[in-house]
Amino acid sequence: MINIKPLAIAIATSLALVACGSEDVTVSTTTNGDSNSSSSAGPSTEPLLVPEMLNYLNSIQGEKTVIGIHNREPNSEPGLQTDKMAKLVGKWPSLWSGDFLFSSKDVDNRLNMIFEAQKRWRQGMLVQVMAHVCPPTTGESCAWENQSGQTENIASIQGDLSEAEWSSLLTDGEPLNLEWKERLDNMAFLLKMISDDGVRVLFRPFHEMNQPVFWWSKKDSPEYTASLYRLTHDYLVNEQKLTNLTFVWNLQDFATLADDLDAYDPGPEYYDILTLDNYNTDGTGFSQEKYDLMVAKANGKPIALGEVNKLPTAELLEQQPLWTFIMTWAEETFEKNTDAEIIALYNSPRVVTLDEKAPWSNYDGDDQLILEIPGGGPGTEPEPTLPTKPFIVFEDDFTEFRLKAGTISKITETIVDDEDTTKGKALNYKYTGAEATVELITEGSSVDLSGYSTGTLEFDLKIINEPDAINGNWSIKVDCGYPCGTGDVPITDNIDGITPTVGEWQTYKFNVKDLIARDNGNDSLDITKVNSPLVIFPAYGPNQVGAEFRLDNVKYVPGTDKPSTPSPSTGELGDDVFFVFDDAIKRWQLKADNNNIVETVENDADRGNVLQHEYIENQTTSELLGTSNIDLSAYIGGQLKFDLKIIDAPAGLADNWFIKVDCGWPCTTGDIKLQDNVDMTIPELDQWQSYTFNVDDLIAHENSEVANGTANARNLDITKVSSPLVILPTWGDTQKGSKFQLDNIRYIKAGVAE
């Protein structure tokens, strides 16, 4: 176990230099105009620091909403996402969030995280500290998920405690109870350090208490989880005498929320703020029902959106005004929302950013704590810089990348001393199962390798054994969270054209710019969000058993040219005009298993390449699909347009052609008559015609599957579009022989003239 107490002597002097102190006083908080004793102390009679955060949140209830972002791994860079947000919008968020965390490198950097909390408080932000920490059945450091086949002590955040372990944990003086309290001692030591500087912390000790995937949530015995929350609260407040914690009780938006709010309730005297993690888990988004449940349960205490990835709109915050803060989840904020959506919310008069908030009482304006926006704000991207050293994935020992945990039942991973003395230690992989890849992946956040975009990915490979059926067919990939990645790249596509040779060390090099340029549909490699810098494997399938190989010197080497700052693209997702098809199939094409339609790209004398569908069987649709859902909410208020030429239509034309937009059937617009377009154009044979549909009308269109009571049926969710266009002659047994061509399929933003 890592014990942080010995750090006290080493840092006492530095704390004395920065602490301005704060007199401990007993206070009362005001909720909706009523005065009642502060709940932070629970049963304690200890005085509290002035709860400026709680008083502030009470003061804005119903009027304003604080905006903030979580800074998850790594704790070595605890302001990473906050800085990124400020750089994007040109304003600081008014809430910073960090986490004690659980990986060894993040545990080692907890002190760094705590000092970041102190800095952000003195900058004027609300600060939150979460506790995704390991169970008391293992040490301070552990994995995110259980290793495959593991049956003994839990060694991860995810898993279950046995009845006997829960009893030991919740019984005063039992081994796991004492272990947990020692864990709390280490956290308390760090929290006390910044207490001396007047820093008050939104403390969220158990993440999503009703989420049974985590060790602290026992699905069939929620009273255990509530008891653990109370134990933690009482120990920190009564035994450790912490006076700077504002306790946050947090749940996730499951369909069972109404019951969970009672089942997991630790008691109103044990929390100050009630928060909901809204990930649309129950399929209802930011529903009024969930909001009303939270308001009723809080009974006057502040409520907040503890985590979201998809942002609410300013209009929704007007409809649900009691959300006192929104905390968006780290990198997913930028993945699930367009830049325009983020900037719009941050500039809403409803939302409080740091420039609109008065600083705390111990803010030191002479200490330059109103920091400059990194990069200077929107439109001032810094000049790209070239790394001076290679980025090491493996070189004699592990860095942060290991074989994906779920793969170890099929592949063994060891470090060996290679017979080639120039190699030293190497990674050895042996396939004991099949249908698997050697994926070197990080448990932490993804890494930005854009600095190496003009450089090379390099590695040394020695194939020890290759099953006969593999026959030299090896592939690599670079992933950014599957299906985001390069897709399979034949190993022979390396710069030097090297072919694998069994028994020999060979050096392979790939231009990173070529990996970025590989077309993987809508999920091509995002070099700024790499979570697996190398995936390597013999031909995927049952013939992999027995394959064995070694890797060494896996690295990204910087190029000699500076990486270029990407210029705005044309016709891409998020642009004013977004093309689904324009001269070539790039992302969206006919469903792979649709054998009833022949899809080809044909040349039109006047138009260039066009997409052609010919029906060779019946009962099917021309559904253009990508590899993952896409968010087309940027085109709300805009239009879907396409050009269509019907070549053959055996069933006739009148009223017999339809379009749809799907979000994973039965989530869909439902069938819409082609002639119900904006211009009411009626389909005619053998001539090009242009069709326009308002996106708002597509969203509002009633899906007949909803009316029929089909399970999971919903009208179009524009944020999760799986097929941006489905087109078909009337469904049935008369489709065979139909042939048509499509061109210029595009979504256009509101107010944009073509």
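These numbers come from the heavy atoms of this one structure, side chains and all, not from hydrogens, waters or symmetry mates.
Two residues are said to be in side-chain contact when any heavy atoms from C-beta on lie closer than 4.5 Å; S475 and I536 fail this criterion. Residues I491 and P500 are in side-chain contact: their nearest non-hydrogen atoms beyond the backbone lie under 4.5 Å apart. In this structure, F398 and V393 have side chains that are not in contact, with every pair of non-hydrogen atoms separated by 4.5 Å or more. At a threshold of 4.5 Å between non-hydrogen side-chain atoms, the residues V530 and L525 count as touching. By the 4.5 Å heavy-atom criterion applied to side chains, Y264 and L251 are counted as neighbours.
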Subject >> Trace of the side-chain contact (heavy atoms from CB on, under 4.5 Å) decision for E77 with M113 >> reply: CA-CA 8 Å; E77 296 182 79; M113 181 273 294; over 6 Å; no
**OP:** Report the C-alpha distance between D552 and D418 in whole Å, list the side-chain angles of each, state the deciding distance to 0.1 Å, and finish with yes or no for side-chain contact (heavy atoms from CB on, under 4.5 Å).
**Re:** CA-CA 10 Å; D552 196 14; D418 190 76; over 6 Å; no
**OP:** Show your working on side chain to side chain donor-acceptor pair (under 3.5 Å) between E458 and T456 and close with a plain yes or no.
**Re:** CA-CA 6 Å; E458 302 182 8; T456 53; 2.8 Å; yes
**OP:** Apply the test side-chain contact (heavy atoms from CB on, under 4.5 Å) to residues I411 and V438: give CA-CA distance (whole Å), side-chain angles for both, the deciding distance (0.1 Å), then the verdict.
**Re:** CA-CA 8 Å; I411 305 172; V438 171; 3.8 Å; yes
Original post:
Would E400 and T442 count as a side chain to side chain donor-acceptor pair (under 3.5 Å) if you check the C-alpha gap in whole Å, the side-chain angles of each, and the deciding distance to 0.1 Å?
Top reply: CA-CA 6 Å; E400 59 186 294; T442 175; 3.2 Å; yes
**OP:** Apply ring-ring contact (aromatic ring centres under 6.0 Å, His included) to the pair W180 and W166, showing each step before the final yes or no.
**Re:** CA-CA 11 Å; W180 182 244; W166 271 109; 9.8 Å; no
Original post:
Checking side-chain contact (heavy atoms from CB on, under 4.5 Å) for the pair L440/V535: CA distance, chi angles, key distance, verdict?
Top reply: CA-CA 6 Å; L440 298 178; V535 184; over 6 Å; no
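Around NZ of K430, the count of heavy atoms belonging to other residues, nucleotides or ligands within 6.0 Å does not exceed 12. Atom NZ of K181 has more than 12 heavy atoms from other residues, nucleotides or ligands within 6.0 Å.
In terms of modelled atom types and a separation under 3.5 Å, the side chain of R550 and the main chain of L427 share no donor-acceptor contact. The closest donor-acceptor contact from the side chain of E413 to the backbone of L403 lies under 3.5 Å. N75 places a side-chain N or O within donor-acceptor distance of the main-chain N or O of D99, the cut-off being under 3.5 Å. Distance alone, capped at 3.5 Å, places no donor-acceptor pair between the W96 side chain and the N71 backbone. Panel note: side chain T710, backbone A713; no donor-acceptor pair is recorded below 3.5 Å. Of the possible donor and acceptor atoms, none in the side chain of T328 sits under 3.5 Å from a partner among the backbone N and O of T333. Side-chain atoms of T528 never come within 3.5 Å of backbone atoms of D448 as a donor-acceptor pair (strictly under, hydrogens ignored). Counting only distance, with no hydrogens or angles, the side chain of E466 and the backbone of G472 share a donor-acceptor pair below 3.5 Å. Remark: side-chain polar atoms of Y229 are not paired, donor with acceptor, to backbone N or O of P205 under 3.5 angstrom.
With sequence neighbours excluded, no residue forms a salt bridge (charged side-chain N to carboxylate O under 4.0 Å, His left out) with K555. Under the rule for a side-chain contact (heavy atoms from CB on, under 4.5 Å), the partners of K513 that lie at least two apart in sequence or sit in another chain are N511. Listed by chain and number, the residues in a ring pair (Phe, Tyr, Trp, His ring centres under 6.0 Å) with W505 amount to none (sequence neighbours excluded). Remark: F203 pairs with F247 by the ring pair (Phe, Tyr, Trp, His ring centres under 6.0 Å) rule, at least two apart or across chains. Every salt bridge (charged side-chain N to carboxylate O under 4.0 Å, His left out) that D460 has, sequence neighbours left out, goes to K423. Evaluation of the ring pair (Phe, Tyr, Trp, His ring centres under 6.0 Å) rule for F254 yields no partner, not counting sequence neighbours. Scanning for ring pair (Phe, Tyr, Trp, His ring centres under 6.0 Å) contacts around H207 gives H132, F214, with sequence neighbours left out. Partners of A330 by side-chain contact (heavy atoms from CB on, under 4.5 Å), not counting sequence neighbours, listed by chain and number: R72, Q81. A search for side chain to side chain donor-acceptor pair (under 3.5 Å) contacts involving E623 returns nothing, not counting sequence neighbours. Residues satisfying the salt bridge (charged side-chain N to carboxylate O under 4.0 Å, His left out) test with D417, not counting sequence neighbours, are K425. D253 meets the salt bridge (charged side-chain N to carboxylate O under 4.0 Å, His left out) test with K290; sequence neighbours excluded.
One finds the NZ atom of K462 at 10.0 Å from the CD atom of E548 (value rounded to the nearest 0.5 Å). Remark: E174 CD to E179 CD distance equals 13.5 Å, nearest 0.5 Å. We find the CD1-CG distance between I516 and D526 to be 9.0 Å, quoted to the nearest 0.5 Å. Note that the CD1 atom of I470 and the OH atom of Y431 stand 8.5 Å from one another [nearest 0.5 Å].
Ring pair F401/F391 is perpendicular by interplanar angle, where above 60° counts as perpendicular and below 30° as parallel. W474 and F549 have perpendicular rings, their planes meeting at more than 60° on a 0 to 90° scale where under 30° would count as parallel.
For the residue pair S141 and S104, no side-chain donor N or O sits within less than 3.5 Å of a side-chain acceptor on the partner. Neither side chain, S76 nor N109, offers a donor N or O lying under 3.5 Å from an acceptor on the other. At a cut-off of 3.5 Å, with distance as the only test, no side-chain donor of T256 or D259 sits close to an acceptor on the other residue.
With Q252 as the partner, the side chain to side chain donor-acceptor pair (under 3.5 Å) test is satisfied by one option alone out of D260, N278, D282, T281: T281.
The minimum heavy-atom distance linking S97 with M130 is given by the pair OG-SD, 3.8 Å. Residues P467 and V545 approach most closely at CG-O, 3.4 Å, considering heavy atoms.
The residues E163 and K218 are annotated as salt-bridged, a charged nitrogen and a carboxylate oxygen being separated by less than 4.0 angstrom. Salt-bridge check for E331 with K529: failed, with every basic side-chain N at 4.0 Å or more from each acidic carboxylate O. Using a 4.0 Å cut-off between charged nitrogen and carboxylate oxygen, R183 and E140 count as a salt-bridge pair. Salt-bridge check for E341 with K310: passed, with a basic side-chain N closer than 4.0 Å to an acidic carboxylate O.
Residue pairs meeting the side chain to side chain donor-acceptor pair (under 3.5 Å) criterion with at least one partner in residues 478-500, sequence neighbours excluded, are absent.
With ring centers used as reference points, F206 lies 6.0 Å or more from W249.
Figure legend: K84 and F334 shown as a cation-pi pair, the cationic atom lying under 6.0 angstrom from the six-membered ring centre and within 45 degrees of its axis.
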